[in-house]
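Take a look at the structure set out below.
Residue numbers begin at 1 in each chain, while the letters A, B, ... track the order of the sequences.
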Amino acid sequence: MLELSYLRNHTEAAVKGLAKRKIDAAQTIADILKLDEQRRENQVQLDSVLAESNAISKEIGSLFKAGKAAEANDMKAKTAELKDKSKELGQEQEQLKHSLEQLLVSLPNVPHESVVEGAHADDNVEVGKVGEIPTLYDGAVPHWDLTEKYKLISFDLGVKITGAGFPVYTGKGARLQRALINFFLEENQKAGYEEYIPPHFVNAASGFGTGQLPDKEGQMYHMTEDDLYAIPTAEVPITNLFRDEILDLEKLPIKCTAYTPCFRREAGSYGKDVRGLNRLHQFDKVEVVNVVHPDESYKVLDEMVEHVGGLLQKLGLPYRVLRLCGGDMGFTSALTYDFEVWSAAQERWLEVSSVSNFETFQTNRMKVRYRGEDKKTHLCHTLNGSALALPRVMAALLENNQTEDGIKIPEVLIPYTSFEWIK
RNA sequence: GGAGAGAUGGCAGAGUGGUCGAAUGCGGUAGUCUUGAAAACUAUUGAGGGUCACACCUCCGGGGGUUCGAAUCCCUCUCUCUCCGCCA
């Protein structure tokens with residue numbers, strides 16, 4: 001949620017920025033500012049009525065105490081009118097607040113100045129490319145054939161017990177998955193992140209806090225009986241740990257990492273894009289979340305990009321980094337870098353990480369604040385990134401490392417898998 | 001699942017209709033003292049709206065009600081705790 005003060009003081013910049021998302025927000029922002037003005041006007045009126053009625057009540061109290069019951073009763077009559085008035089103004093106030101909130105919540109974050117205008121993924125800017133594109137031997141096949149050949153993952157069993165998009169990992173497939181999770185968690189810890197194991201279901205307030213609600217209502221699994229949502233990413237429970245907190249300056253930056261399964265309904269779209277591990281309803285991901293001082297957030301974003309790149313380099317996966325254009329960025333983000341690994345048998349890039357700075361967009365909803373040098377409270381900035389999402393890393397790993405003799409496990413993973421080959 | 005108790009500021013914990021945004025203690029901050037630290041003492045210390053700044057307004061789990069007036073009374077929801085049952 002954008003800050004009202006920002007929209008008030010930087011109206012032009014907000015409209016210009018949102019245009020990069022191909023959104024014409026001029027009217028909405030104008031409406032917001034008008035509603036805000038009306039709201040404040042209304043509040044001034046309401047406050048003065050309340051102040052008057054408070055004063056009368058106090059007077060009645062002291063009249064009773066002084067034994068002047070008759071006079072006190074006379075004054076009671078005066079309050080009736082004020083009461084009606086304050087009720088009316090109060091309702092108006094609620095109405096205005098509600099309308100204002102609805103409009104505010106409908107606006108996505110304003111992109112950072114470095115973000116280019118664009119509507120589609122084609123407009124994303126490649127900012128880096130690392131690693132050699134491997135050439136595979138003649139009999140090389142996509143990962144969905146490899147997982148079957150070596151009995152690593154059963155998509156059929158998943159369909160049987162749950163449905164499409166819920167794979168079952170078996171044998172060395174399961175062990176490789178677990179090894180990757182441990183590898184990522186260890187690396188994140190070395191980079192200063194503290195590990196958490198959060199709940200996998202959250203309440204609606206948490207869904208709202210990080211911006212999944214109301215924007216992406218239909219994309220989450222919702223348990224209506226208990227009104228809980230299956231988390232689409234660890235970002236949701238982890239960031240919400242700090243909801244409604246005022247943090248001491250010296251506590252910042254807060255760096256968290258967590259492994260969780262992620263649940264996404266992802267309705268629509270079939271075919272090769274979603275084949276095998278490419279897109280799932282349940283998948284594993286290790287996430288990193290940062291809660292930082294506003295002055296630090298872009299420095300921290302760069303560090304995160306560096307860190308995620310390092311993970312891929314250690315795994316020996318060729319990747320490229322994209323700075324997303326306005327239209328391809330998530331609703332809540334001000335600047336996002338996507339990491340894509342090269343899937344050698346599918347011969348395509350697969351997104352394995354998305355690293356974003358949300359600035360105050362989430363903290364304004366969640367009221368995550370710090371106490372500044374000035375002793376006042378200010379909104380923190382939040383950032384998060386995948387480090388990393390498992391399925392597509394697994395897909396690329398299997399495909400890129402396949403040989404006639406089997407699949408070679410990268411050096412760095414062997415301490416975690418305790419096997420060197422999948423044969 | 002059954003029965004009972006409770007939800008107050010960073011924490012603990014008073015407050016049962018007006019003088020309560022809320023005693024007291026702890027914690028935090030600033031100062032005095034000290035070579036420095038500790039201790040002691042003094043002052044200060046909730047959040048939000050509003051204002052140039054004051055004033056003023058709102059908030060004692062959420063929502064609704066009674067009343068001139070509610071942290072305090074009533075209704076309702078949510079959550080927590082204790083005991084019993086069940087259970088990895």
Using the P atom in both, what is the distance from U8(B) to G15(B), to the nearest Å? 14 Å
Using the P atom on both, measure G62(B) against U42(B) and round to a whole Å. 36 Å
Distance between P atoms of G65(B) and C59(B) (Å, rounded): 13 Å
Checking N364(A) side chain against L2(A) main chain: does a donor-acceptor pair fall under 3.5 Å? yes
Sticking with atom C1', work out how far A71(B) lies from C20(B), rounded to a whole angstrom. 8 Å
Applying salt bridge (charged side-chain N to carboxylate O under 4.0 Å, His left out), name anything that partners E287(A), two or more places apart in sequence or on another chain. K285(A)
Using a cut-off of strictly less than 4.0 Å between a heavy atom of the residue and any atom of RNA chain B, enumerate the qualifying residues of residues 49-57 of chain A by number. L50(A), A51(A), N54(A), S57(A)
Expressed in whole Å, how much space separates the C1' atoms belonging to C11(B) and G28(B)? 11 Å
Test: D156(A) and K160(A) ion pair at under 4.0 Å: no
Distance under 4.0 Å to a non-hydrogen atom of chain A counts as contact; along RNA chain B, which nucleotides mark the start and end? G18(B) to G69(B)
Mate of C79(B) where both pairing distances stay under 3.5 Å, Watson-Crick or G-U: G6(B)
Ring-face cation contact, F419(A) with K172(A), 6.0 Å cut, 45° max: yes
For A53(B), the nucleotide meeting Watson-Crick or G-U wobble distances (both under 3.5 Å) is none
Of R39(A) and S48(A), whose closest RNA chain B nucleotide lies nearer the 5' terminus? R39(A)
Look at K85(A) together with E88(A) and state whether they make a salt bridge at an N to O cut-off of under 4.0 Å. no
Looking at K16(A), K20(A), K22(A), which hits salt bridge (Lys or Arg N to Asp or Glu O under 4.0 Å) with E117(A)? K22(A)
With a 3.5 angstrom cut-off on both distances, give the Watson-Crick or G-U wobble partner of A23(B), or none if there isn't one. none
Go ahead and name the base partner of U44(B); Watson-Crick or wobble counts if both distances stay under 3.5 Å, otherwise write none. G28(B)
5′-ward residue of the pair Q43(A)/T79(A) relative to RNA chain B: Q43(A)
Between C57(B) and G50(B), how far is it from one C1' atom to the other, in whole Å? 8 Å
Using atom C1' in both nucleotides, what's the gap between A14(B) and A7(B) to the nearest angstrom? 15 Å
So, E420(A) and K408(A), do they make that salt bridge, N to O below 4.0 Å? no
What distance, rounded to whole Å, do you find between the two C1' atoms, one in U35(B) and one in G49(B)? 50 Å
With a 6.0 Å cut-off on the ring centroids, do H112(A) and Y298(A) count as close? yes
Could you tell me if R365(A) sits above the aromatic ring of F208(A), with its cationic atom closer than 6.0 Å to the ring centre and no more than 45 degrees from the axis? yes
